[in-house]
Protein chains: 4
Amino acid sequence: MTRVTQAHIDARTQDILGAAKRLFARKGVDGTTMQEIAADAGLSAGAVYRYYESKDDLLRAVFEDCSEQHRALFEEKAAVSPSPMEALTDIGRSAWSQLKGDGFRDEVILELETALAAARHPDELGPAHRETLDHVVEMLGRLIRDAQAAGQIEAGVDGQALALTLLACYLGSGILALDGQDTDVLVESLLHMVNKLAPVAGRNGGR
Amino acid sequence: MTRVTQAHIDARTQDILGAAKRLFARKGVDGTTMQEIAADAGLSAGAVYRYYESKDDLLRAVFEDCSEQHRALFEEKAAVSPSPMEALTDIGRSAWSQLKGDGFRDEVILELETALAAARHPDELGPAHRETLDHVVEMLGRLIRDAQAAGQIEAGVDGQALALTLLACYLGSGILALDGQDTDVLVESLLHMVNKLAPVAGRNGGR
Amino acid sequence: MTRVTQAHIDARTQDILGAAKRLFARKGVDGTTMQEIAADAGLSAGAVYRYYESKDDLLRAVFEDCSEQHRALFEEKAAVSPSPMEALTDIGRSAWSQLKGDGFRDEVILELETALAAARHPDELGPAHRETLDHVVEMLGRLIRDAQAAGQIEAGVDGQALALTLLACYLGSGILALDGQDTDVLVESLLHMVNKLAPVAGRNGGR
Amino acid sequence: MTRVTQAHIDARTQDILGAAKRLFARKGVDGTTMQEIAADAGLSAGAVYRYYESKDDLLRAVFEDCSEQHRALFEEKAAVSPSPMEALTDIGRSAWSQLKGDGFRDEVILELETALAAARHPDELGPAHRETLDHVVEMLGRLIRDAQAAGQIEAGVDGQALALTLLACYLGSGILALDGQDTDVLVESLLHMVNKLAPVAGRNGGR
DNA sequence: TATGAATGAGCGTTCATTCAT
DNA sequence: AATGAATGAACGCTCATTCAT
């Protein structure tokens with residue numbers, strides 16, 4: 001009998017989540033009050049608790065959303081490219097270009113917060129965080145193995161290790177980007193190195 | 001001729017700083033009370049304020065100390081090696097091996113906290129953080145240029161970009177290490193790639 | 001000719017009152033939310049306010065209902081018995097037997113709550129509470145005087161005082177029953193004493 | 001090295017306990033804020049938490065103190081009297097006379113609150129409350145048995161039941177006293193009945 | 001210099017009550 | 001008449017900081 005639709009509830013939930021992400025990123029989790037989140041979401045203090053049980057619960061939702069975003073970022077590009085190496089290149093360029101986007105600064109900060117929280121609460125948040133990272137590594141690893149099968153990367157290369165390296169580079173780039181460093185040149189440098197991993201014969205190509 | 005020597009004061013100051021680093025890393029800055037820091041340092045709550053004006057002041061000192069450590073980590077190894085490439089390799093191996101050390105977990109966490117704090121307070125903490133990173137990049141860049149001069153790395157490589165890449169990789173490895181990922185294979189993979197940057201003639205050897 | 005009949009309204013009012021009594025008794029007045037009462041009565045949060053102006057208003061109704069119950073408890077039995085002494089005995093046994101009934105636990109608790117509320121708000125709730133007690137005392141007093149007139153209790157006994165004593169004993173038994181004490185032996189002990197109040201001649205019978 | 005003695009700490013603890021008892025009794029537990037308790041005890045809001053972990057903890061202490069008081073009330077008089085019957089009489093008169101004392105009103109209210117709390121939280125508070133009551137019953141039972149041995153009360157009387165009856169009467173008198181009823185005549189009425197329990201021969205004297 | 005009791009502002013959270021639908 | 005989302009004041013509690021000793 002209520003006029004309030006599920007869509008409305010979902011919208012509010014997203015409003016709050018968005019406000020929380022924005023504020024947690026900019027002022028820190030402890031530096032953000034529930035009042036502020038509510039106000040930012042256009043609600044009164046108490047109303048937030050209809051949608052999230054507690055600040056902790058909200059924080060968990062933010063972390064989850066964050067992981068989802070990161071997972072999606074790498075997922076999308078994986079399928080479309082014609083060759084594995086091109087896919088790798090595309091993913092790299094697109095991932096790094098996001099780093100410069102205005103809205104992405106908050107995502108990076110939240111990824112760091114997530115990592116910290118996971119490190120401090122290994123039992124509650126650790127598994128989820130690790131799973132997210134594992135997922136990305138796995139996807140990259142698969143791409144690398146494909147590239148090896150296609151003769152675009154030396155067979156001797158440890159695909160898992162390389163995947164980890166690329167991920168580490170991406171995460172670290174986030175930190176550097178936060179600091180205002182120019183990370184555009186960084187991805188080119190990285191891609192250059194990856195290209196050098198092509199088998200010599202293959203690189204020399206059609207001679 | 002006070003009874004209290006400067007040495008005593010310095011020792012106390014270090015006690016407090018150490019306690020703060022340990023606790024900030026493990027429980028978070030806001031999750032740590034001044035009481036706890038004092039207790040951990042063997043002092044009463046009020047005594048801390050003789051050494052640090054405020055919690056913020058103490059936090060600043062922790063960040064500074066942290067930066068100092070990172071700077072030193074890369075500095076040491078730079079001088080001793082016979083060839084630039086070997087120096088690079090040494091630095092990489094030693095930096096990454098530290099990541100596995102038990103006590104280093106705290107350092108990594110604090111580095112992330114520092115990065116976050118710098119991102120949130122660009123005016124107060126940003127410059128110091130950026131300077132620390134710049135310092136490392138500069139040092140690595142110098143080494144790379146030396147390696148290029150010595151014919152160990154292609155002349156065409158952008159030294160600055162490569163330095164950034166290596167640093168990003170190191171920072172990201174910290175996050176992965178926090179998560180329990182094996183970062184030993186990572187550094188080998190990275191060094192392998194760097195080695196591939198040697199000029200073709202050089203790599204092809206005596207032909 | 002509204003669709004909503006008075007019967008419907010009354011039923012709702014009773015639903016709410018019942019829910020409030022149950023919950024107030026079990027969780028305390030402050031420990032019970034209007035939401036809970038509404039839910040227990042099968043209504044939404046806001047609907048309660050159509051029947052009771054406020055929580056305080058509802059509480060007042062609960063107290064009143066409670067007093068009514070107590071009054072009725074003693075009233076019923078008073079009329080039917082053939083002799084005053086038997087009436088007294090009947091009332092005692094029936095009152096005490098109720099104490100053991102499962103549903104009566106809540107009534108006892110609410111009686112205590114009423115007493116407390118009356119003590120704390122002598123002006124608003126005091127008179128009503130006192131009147132209820134007075135009513136019972138008066139009824140018992142009348143019975144006792146009847147018993148004296150019938151030679152079943154010494155003429156010298158202060159009827160008012162004895163009535164108070166019996167009431168006190170009943171109220172106290174509620175507290176003991178709440179604690180799980182066996183109050184069955186209690187009433188027998190009390191009745192035994194009351195019987196001893198018979199005039200010596202009467203007790204000795206025809207001598 | 002502190003100037004603050006244990007005596008000072010104890011005094012504060014008592015201040016707070018006293019304030020809590022007073023306020024809990026007069027305004028109810030939920031109607032009393034920690035602020036008020038602190039203010040009444042001459043402290044700031046936060047200071048209370050040095051002495052009591054939480055409001056619940058403080059409430060527990062109030063209940064305990066209350067039980068202690070009740071226990072002591074019956075204990076004292078038990079020893080001094082020459083004959084068991086006289087002891088019983090003394091205890092009765094002294095217990096009831098306290099009921100009229102100004103400061104005792106609060107104690108009675110708190111006893112009711114304790115009973116309610118025990119009824120609602122049987123696992124946490126129930127045992128302690130029951131123990132207190134048992135203690136009093138036991139003491140009265142012993143006195144009654146002594147009186148029986150001394151020929152002052154019929155051997156046929158169930159001592160335990162009589163003890164319970166006396167206690168119930170006392171507890172109920174508290175409620176009546178709260179209501180402003182005159183409980184002085186009540187105790188006399190009760191003692192009169194107890195005296196009637198003397199063996200007939202004894203009461204009739206040597207004949 | 002060191003202590004630790006005290007302060008008090010501020011936070012997360014609850015819930016009686018309102019009101020648009 | 002009924003709903004239930006929203007309000008917002010108020011509470012219990014924490015903790016950085018101060019200061020008498």
Side-chain angles (χ1 to χ4, degrees), chain A residues 1-5 8-9 12 30-39 41-58, chain B residues 2-5 8-9 12 30-39 42-59, chain C residues 2-5 8-9 12 30-39 42-58, chain D residues 1-5 8-9 12 30-39 42-58:
Chain A
M1 226 159 285
T2 326
R3 206 79 334 189
V4 182
T5 62
H8 176 257
I9 290 178
R12 287 306 208 198
D30 291 287
T32 303
T33 70
M34 289 300 268
Q35 286 275 358
E36 289 171 319
I37 293 171
L43 288 168
S44 69
V48 174
Y49 290 85
R50 257 181 196 289
Y51 301 91
Y52 294 95
E53 270 196 344
S54 64
K55 194 181 187 183
D56 251 42
D57 192 41
L58 180 51
Chain B
T2 337
R3 195 96 314 213
V4 181
T5 63
H8 176 257
I9 290 179
R12 288 305 209 201
D30 291 285
T32 302
T33 69
M34 291 298 267
Q35 287 276 356
E36 288 172 318
I37 294 170
L43 287 166
S44 68
V48 174
Y49 289 83
R50 291 220 167 256
Y51 301 92
Y52 293 96
E53 268 196 348
S54 66
K55 196 182 187 184
D56 253 41
D57 192 40
L58 179 50
L59 182 58
Chain C
T2 337
R3 195 96 312 214
V4 182
T5 64
H8 176 256
I9 291 180
R12 288 306 209 198
D30 290 285
T32 302
T33 70
M34 291 298 268
Q35 288 276 357
E36 288 172 317
I37 294 170
L43 288 166
S44 69
V48 174
Y49 289 84
R50 290 218 167 256
Y51 301 91
Y52 294 96
E53 267 196 348
S54 66
K55 195 180 187 183
D56 253 39
D57 191 41
L58 179 50
Chain D
M1 226 160 286
T2 326
R3 206 80 332 185
V4 182
T5 62
H8 177 257
I9 290 178
R12 286 306 208 201
D30 291 287
T32 303
T33 70
M34 290 299 267
Q35 287 274 359
E36 289 172 318
I37 294 171
L43 288 167
S44 69
V48 174
Y49 292 85
R50 257 180 195 290
Y51 301 92
Y52 294 95
E53 271 197 345
S54 64
K55 195 181 186 182
D56 251 42
D57 192 41
L58 180 50

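The structure presented is a predicted model; accordingly, all values stated were derived computationally and were not measured. Throughout, protein chains are lettered first and strands after them, A, B, ... in sequence-line order, and every chain is numbered starting at 1.
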Visitor: Which whole-number value in Å describes the distance from D/D57 CG to F/dC13 C1'?
Guide: 13 Å
Visitor: In whole Å, what is the span from the CD atom of D/Q35 to the P atom of F/dG12?
Guide: 9 Å
Visitor: Applying a 4.0 Å non-hydrogen cut-off, can you work out what B/Y52 is touching in the nucleic acid: base, sugar-phosphate, or nothing?
Guide: nothing
Visitor: Starting at atom CG of A/L58, determine the distance to atom P of E/dC11, rounded to an integer number of angstrom.
Guide: 16 Å
Visitor: For D/A45 and for A/Y51, locate the closest nucleotide of DNA chain F by heavy-atom distance; then report the residue assigned to the nucleotide nearer the 5' terminus.
Guide: A/Y51
Visitor: Taking the minimum atom-to-atom distance to the side chain of C/S44, which one of F/dG4, E/dT7, F/dA6 wins?
Guide: F/dG4
Visitor: So, for A/D30 and A/K55, which heavy atoms are closest and what is the spacing to 0.1 Å?
Guide: CA-NZ, 4.2 Å
Visitor: Under 4.5 Å between any side-chain heavy atoms of C/Y51 and C/I9, yes or no?
Guide: yes
Visitor: Relative to the 5' end of DNA chain F, which residue comes earlier, C/G42 or B/Y49, by the nucleotide with the nearest heavy atom?
Guide: C/G42
Visitor: Where the side chain of D/T33 is defined as all heavy atoms beyond and including C-beta, which of F/dG12, E/dG8, F/dA1 is the nearest nucleotide?
Guide: F/dG12
Visitor: Whole-Å distance between E/dA5 C1' and D/L43 CG?
Guide: 10 Å
Visitor: Pick the nucleotide of DNA chain E nearest each of C/G31 and D/A47; which residue has the one closer to the 5' end?
Guide: D/A47
Visitor: If I take atom CE in residue A/M34 and atom C1' in nucleotide F/dA9, what distance separates them, rounded to the nearest angstrom?
Guide: 17 Å
Visitor: Could you identify the nucleotide paired to F/dA20, looking across every strand shown and requiring Watson-Crick or G-U wobble geometry with both distances under 3.5 Å?
Guide: E/dT3
Visitor: By nearest heavy atom, map D/V48 and C/D30 onto DNA chain E; which one lands nearer the 5' end?
Guide: D/V48
Visitor: Report the nucleotide, chosen from E/dG4, F/dG12, E/dT1, that has the shortest atom-to-atom distance to any side-chain atom of D/R50.
Guide: E/dG4
Visitor: Minimum heavy-atom separation for A/T32 and A/E36, please, with both atom names.
Guide: CA-OE1, 3.4 Å
Visitor: By nearest atom, which of the nucleotides F/dT3, E/dA6, F/dA6 is closest to the D/H8 side chain?
Guide: E/dA6
Visitor: For the side chain of D/K55, starting at C-beta, report the closest nucleotide among E/dT1, F/dG12, E/dC15.
Guide: F/dG12
Visitor: Could you check how far CD of C/E36 sits from C1' of E/dT14, rounded to whole Å?
Guide: 12 Å
Visitor: Of all heavy-atom pairs between A/A38 and A/S44, which one has the smallest distance, and what is that distance?
Guide: CB-O, 3.4 Å
Visitor: So does C/R12 get a side-chain nitrogen or oxygen closer than 4.0 Å to the phosphate oxygens (OP1/OP2) of F/dA1?
Guide: no
Visitor: On a heavy-atom basis, which atom in D/V48 and which in D/M34 lie closest, and how many Å separate them?
Guide: CG1-CE, 3.8 Å
Visitor: Whole-Å distance between F/dG12 P and D/D56 CG?
Guide: 11 Å
